[in-house]
Amino acid sequence: APAGVRMSNLEKDHIKYQRIEDNLTVIRKRLNQPLTLAEKIVYGHLEDPHNQDIERGTSYLKLRPDRVAFQDATAQMALLQFISAGMPKVAVPSTVHCDHLIQAQVGSVKDLARANDINREVYDFLGSACAKYGLGFWKPGSGIIHQIVLENYAFPGGLMIGTDSHTPNAGGLGMVAIGVGGADAVDVLADIPWELKCPKVIGVKLTGKLSGWTSPKDIILKVAGILTVKGGTGAIVEYFGEGVDSISCTGMATICNMGAEIGATTSLFPFNSRMADYLRSTKRDGIAQASEHFAHNLKADEGAIYDHVIEIDLNTLEPHINGPFTPDLATPLSKFAEAVEKNSWPAELKVGLIGSCTNSSYEDMTRSASLVSEAKQHGLKFKSKYTVTPGSEQIRATIERDGQIKTFSDAGGVVLANACGPCIGQWDRQDINKGDKNSIITSYNRNFTGRNDGNPATHAFVASPEIVTALSLAGDLRFNPIKDSLTGVDGQKFKFTPPHGAELPARGFNPGEDTYVAPPEDSASVQLAVDPASDRLQILTPFKKWDGKNPADLPVLIKVLGKCTTDHISMAGPWLKYRGHLENISNNMLIGAINSVNGEANKIQNVFTQEWDQVPVVARDYKKRGIEWVVVGDENYGEGSSREHAALEVRHLGGIAVIVKSFARIHETNLKKQGVLPLTFANPADYEKIAATDRISIEGLESFQPGTPLNLAVKKADGSKISIQVNHTFNANQIEWFKAGSALNKMSESKA
Ligand code: SF4
């Protein structure tokens with residue numbers, strides 16, 4: 001493979017194809033079987049290909065990703081943690097994207113100005129942290145993380161992680177791109193290998209050719225219908241077959257993006273000429289050429305073994321409309337009108353929304369505009385409200401120059417800011433009241449209840465931008481543009497010709513306004529912008545080291561009954577605002593967990609004062625007394641999201657151990673990273689033996705080692721004592737995290 005090709009025009013770091021080649025030489029000898037593309041890229045990034053245990057669906061891989069991307073909501077705590085480790089620069093090329101905090105109200109210019117005002121301190125902090133620690137910073141208005149990554153950073157054969165679920169979008173450029181929680185991203189910034197359960201691989205074979213009304217979106221709408229929202233769990237979905245070449249690069253990105261809706265680890269396409277075209281049109285000829293040379297490792301081997309294969313014939317694939325309320329309820333267009341009637345879905349279409357990170361390519365915009373132009377020839381405008389969210393400033397500027405924005409606006413469409421907006425509920429919707437039953441259709445990816453406008457009665461459907469546009473011109477969900485006609489102002493009926501457009505702009509992309517800030521070469525003088533009086537941001541102080549003693553006489557803060565997810569431990573909703581302020585967000589610690597003593601949430605007894613109070617209030621009282629505490633919990637404790645706040649808050653308020661029947665693995669690891677002891681009852685029935693009034697001493701830490709259980713000496717209220725054995729899953733390295741006070745402390749010790 002040719003050396004010396006830069007990963008991005010905006011950075012100096014080079015693509016490491018040689019490492020993939022070298023790793024695969026080792027892996028091929030060891031596994032001695034044909035490999036899928038997903039395996040080639042993932043194993044090509046193994047830290048230790050010689051000794052790594054590799055078993056799909058079972059072993060945990062230690063990987064070295066090429067880069068990290070953050071969106072602004074998740075970046076705050078991740079960067080605060082990284083900063084607390086005291087390292088001078090991030091270990092791999094990384095970027096931060098300001099896209100999630102911009103609310104759509106009236107249109108791009110005013111909405112952006114308002115967001116700049118409301119979120120100023122968050123943006124200032126992120127901008128200054130990026131400058132100081134060497135991350136690229138994309139200002140508000142630059143666009144949506146995944147679109148910008150596709151335009152500037154994704155490359156075939158790369159491995160990246162991003163703190164957002166639709167990171168897999170970069171699979172459209174042949175990159176293994178995986179959405180993770182902040183804690184994982186911090187590891188990679190701090191040069192700690194990243195752990196991933198060795199993924200299974202689901203093959204999707206595409207035969208035939210896309211044409212007419214059918215678009216790339218319809219492939220993933222169909223796949224979602226087949227695999228359902230859980231079908232991709234633990235697997236990489238890998239596309240192959242002759243049909244692949246009939247899909248544009250941005251179309252492949254759409255498919256990979258929405259693969260998140262079936263729970264897939266990520267989705268992936270093999271390198272082809274469509275990717276090379278896109279790389280060249282985004283000024284990355286060098287990468288296109290290097291990928292062409294490396295093409296043998298950018299596709300699956302002949303006879304590669306998939307865990308499961310599904311086949312889709314593009315010649316017969318119809319446009320689909322999925323929803324409402326779930327992305328896997330797939331209905332072919334020809335059956336949709338009937339489904340609307342049968343299910344009493346509101347037939348009047350209130351709003352059509354195109355764009356977002358999922359579907360705002362030049363191709364999407366030109367194909368949609370072709371329908372609007374055709375309607376205009378018959379004197380028609382949008383019947384429904386219609387919004388366009390460009391995925392990036394580059395897309396916006398290009399479709400402005402080339403006239404599509406004018407086409408949309410002339411017909412009554414509104415162009416929103418280059419940001420997430422209505423896709424993430426940042427939508428100040430005025431046309432209906434909360435609770436009104438109504439229908440909207442989007443070219444986005446998610447359509448869970450209330451996601452777009454916070455109204456649980458809104459029926460949100462998902463389709464290709466072309467179908468969204470046609471239905472918005474008709475104003476009715478039952479309209480089938482393939483067979484139905486509309487009536488022009490002249491009273492004549494007409495049928496749409498199938499949408500048509502250009503895959504890439506003939507005159508090249510217009511970069512638009514410059515919204516990127518590169519980190520300065522010398523950042524010594526950069527000051528972090530955090531106002532000590534801020535209630536949204538707070539610099540973290542490193543957690544204390546372990547004092548070398550077995551913790552004794554610990555009170556049980558709460559004995560949790562039943563299900564306790566990361567939402568119970570650290571609730572979202574109104575608390576999201578405090579994601580960058582550990583002290584403030586800790587006021588939600590465990591407020592959703594059910595106390596086994598009274599069956600109530602957020603009501604526990606303070607063992608020192610005997611008063612009943614809220615969980616965080618009691619924890620703060622113990623902390624003030626200098627007393628550490630434990631949590632006792634049930635099965636699968638900490639399931640749900642990878643939210644690192646759930647572990648950080650417990651540690652911040654003085655928790656030293658969480659003792660449960662069983663853990664959800666990610667939360668267990670997150671606790672270890674923050675210096676908390678996650679322990680499991682050797683005999684799960686021992687959960688019953690512990691009362692909320694017991695005092696617990698943890699014994700055996702002086703000889704803490706992998707595989708050796710610890711002991712709890714439990715003192716009952718009546719003075720009697722019992723002994724309970726507990727297990728842990730710490731490896732030698734993780735024990736060092738505990739001793740140092742956290743994984744980051746350990747990392748900064750070893751760098752010092
Ligand atoms: Fe996520 Fe929607 Fe933003 Fe895409 S546009 S990154 S799906 S919130």
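None of these values were measured; they are calculated from a predicted model. We use all heavy atoms of the structure for the numbers below, so side chains are in, but hydrogens, waters and symmetry mates are not. Counting convention: from 1, in listed order, for ligands and their atoms alike.
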Does [X] pair with [Y] as a salt bridge, N-O distance under 4.0 Å?
| X | Y | answer |
| --- | --- | --- |
| D567 | R643 | yes |
| K406 | E400 | no |
| R429 | D431 | yes |

*What distance do T266 atom OG1 and I236 atom CD1 have between them, rounded to the nearest 0.5 Å?*
6.5 Å
_If we ignore hydrogens and angles and just use 3.5 Å, is the side chain of T458 paired with the main-chain N or O of N438 as donor and acceptor?_
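Such a contact is absent between T458 side chain and N438 backbone.
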*Mind listing the protein N/O/S atoms less than 2.8 Å away from atom 4 (Fe) of ligand 1? Waters don't count.*
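The answer, once waters are left aside, is C357 SG.
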_Can you list everything that forms a side-chain hydrogen bond (donor to acceptor under 3.5 Å, both in side chains) with H320? Sequence neighbours excluded, please._
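For H320, no residue satisfies side-chain hydrogen bond (donor to acceptor under 3.5 Å, both in side chains) once neighbours in sequence are set aside.
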_Can you classify the ring geometry of Y153 versus W138 as parallel (below 30°), tilted (30 to 60°) or perpendicular (above 60°)?_
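Aromatic pair Y153/W138 classed perpendicular.
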*Applying a strict 4.0 Å limit to heavy atoms, is H100 in contact with ligand 1?*
yes
*Where on R451 is there a heavy atom closer than 4.0 Å to ligand 1, on the side chain, on the backbone, on both, or on neither?*
side chain
